[in-house]
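Chain identifiers are assigned alphabetically (A, B, ...) following the order of the sequence lines, protein sequences preceding nucleic acid strands; residue numbering begins at 1 within each chain.
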Number of protein chains: 4
Amino acid sequence: MANSEAIVRLKTAEGHLRGIQRMMEEGAYCIDVIRQIQAVQAALNKVSTMVLDNHLNSCVITAIRGEDPNERERVLKEIADIFDAGNKV
Amino acid sequence: MANSEAIVRLKTAEGHLRGIQRMMEEGAYCIDVIRQIQAVQAALNKVSTMVLDNHLNSCVITAIRGEDPNERERVLKEIADIFDAGNKV
Amino acid sequence: MANSEAIVRLKTAEGHLRGIQRMMEEGAYCIDVIRQIQAVQAALNKVSTMVLDNHLNSCVITAIRGEDPNERERVLKEIADIFDAGNKV
Amino acid sequence: MANSEAIVRLKTAEGHLRGIQRMMEEGAYCIDVIRQIQAVQAALNKVSTMVLDNHLNSCVITAIRGEDPNERERVLKEIADIFDAGNKV
């Protein structure tokens with residue numbers, strides 16, 4: 001299930017952040033540190049997309065095929081909101 | 001209708017880019033130029049979100065409430081794809 | 001000179017935005033519109049990097065090799081600021 | 001020193017990622033998970049900027065005030081590269 005893979009990737013990203021801390025404690029070159037942080041951010045983008053994909057194919061379908069227009073509006077607004085927020089990180 | 005407002009905003013962004021060209025032709029300070037470009041990108045983020053919101057509340061509802069599972073899958077995949085792409089610009 | 005190439009690219013982006021307006025006026029599919037906007041944003045990223053590169057190799061060298069510590073501090077802070085802002089668009 | 005503060009923030013981000021894993025294991029709502037991931041990415045942006053600021057005010061000044069034009073060119077190119085990469089995550 002996508003979420004279990006997402007959890008594994010989060011675990012990897014967590015370990016990656018520990019590694020970056022060690023780099024910094026050992027006086028690694030700053031640009032190398034920034035590149036590693038950017039790699040973690042790229043990995044987190046991937047996780048967000050996986051979680052969104054999972055959400056779209058479960059909760060969003062349920063809400064949109066359901067009979068509650070407010071619920072439909074809510075889930076659609078959430079998608080636009082995280083798309084907007086995603087453009088800002 | 002959201003799209004007409006989006007078109008107006010695109011027109012504004014277009015004019016803003018012309019203004020930045022003039023800044024550069026007149027030898028404006030590079031950092032000021034970059035800040036103006038970043039302002040255009042922020043404005044374009046807003047337009048994308050408006051267009052997505054409009055899409056979600058029209059085509060996506062139609063596709064998901066429809067009886068064609070392939071169409072449903074297609075529109076949902078598109079949303080995940082532009083979310084992923086949005087994280088990269 | 002990098003800036004003249006940057007101006008040409010801004011002109012191209014400007015034309016691209018006009019094209020997207022036409023797409024919308026002709027009722028193009030929303031996702032295609034968003035993808036085109038993201039393409040413009042990617043192109044603008046490239047222009048910002050060119051302008052920054054030009055700035056680094058001119059004004060920043062002059063300021064840092066100069067004898068005014070305030071000027072040095074100012075240009076360095078500007079670089080950190082646009083890097084931070086770049087992460088948010 | 002900026003780097004010690006950056007290390008503390010990386011530690012916090014690491015803990016935040018552990019928290020998100022727990023959220024997912026407990027079946028948290030996908031959109032809430034994505035928002036938390038975006039919060040971690042915003043925090044990582046901040047760390048990158050701090051590390052860059054530190055780098056600018058140490059290695060970059062040394063390189064640019066030094067007499068090796070290749071070293072100067074190298075550090076300036078690195079800055080443009082991470083600015084470009086930062087726009088893509």
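- When each of C/Lys88, C/Gln21, C/His16, C/Lys11 is scored by its heavy-atom pairs under 4.5 Å with chain B, the top score falls to C/Gln21.
- Of all residues spanning residues 58-73 of chain C, those with a heavy atom less than 4.5 Å away from chain B's heavy atoms are C/Cys59, arranged by number.
- Scanning residues 26-43 of chain C against chain B with a 4.5 Å non-hydrogen threshold yields C/Tyr29, C/Cys30, C/Ile31, C/Val33, C/Ile34, C/Arg35, C/Ile37, C/Gln38, C/Val40, C/Gln41, C/Ala42, sorted by number.
- Ranking B/Val8, B/Ile20, B/Leu10 against chain C, the residue ahead of the rest is B/Leu10, based on heavy-atom pairs under 4.5 Å.
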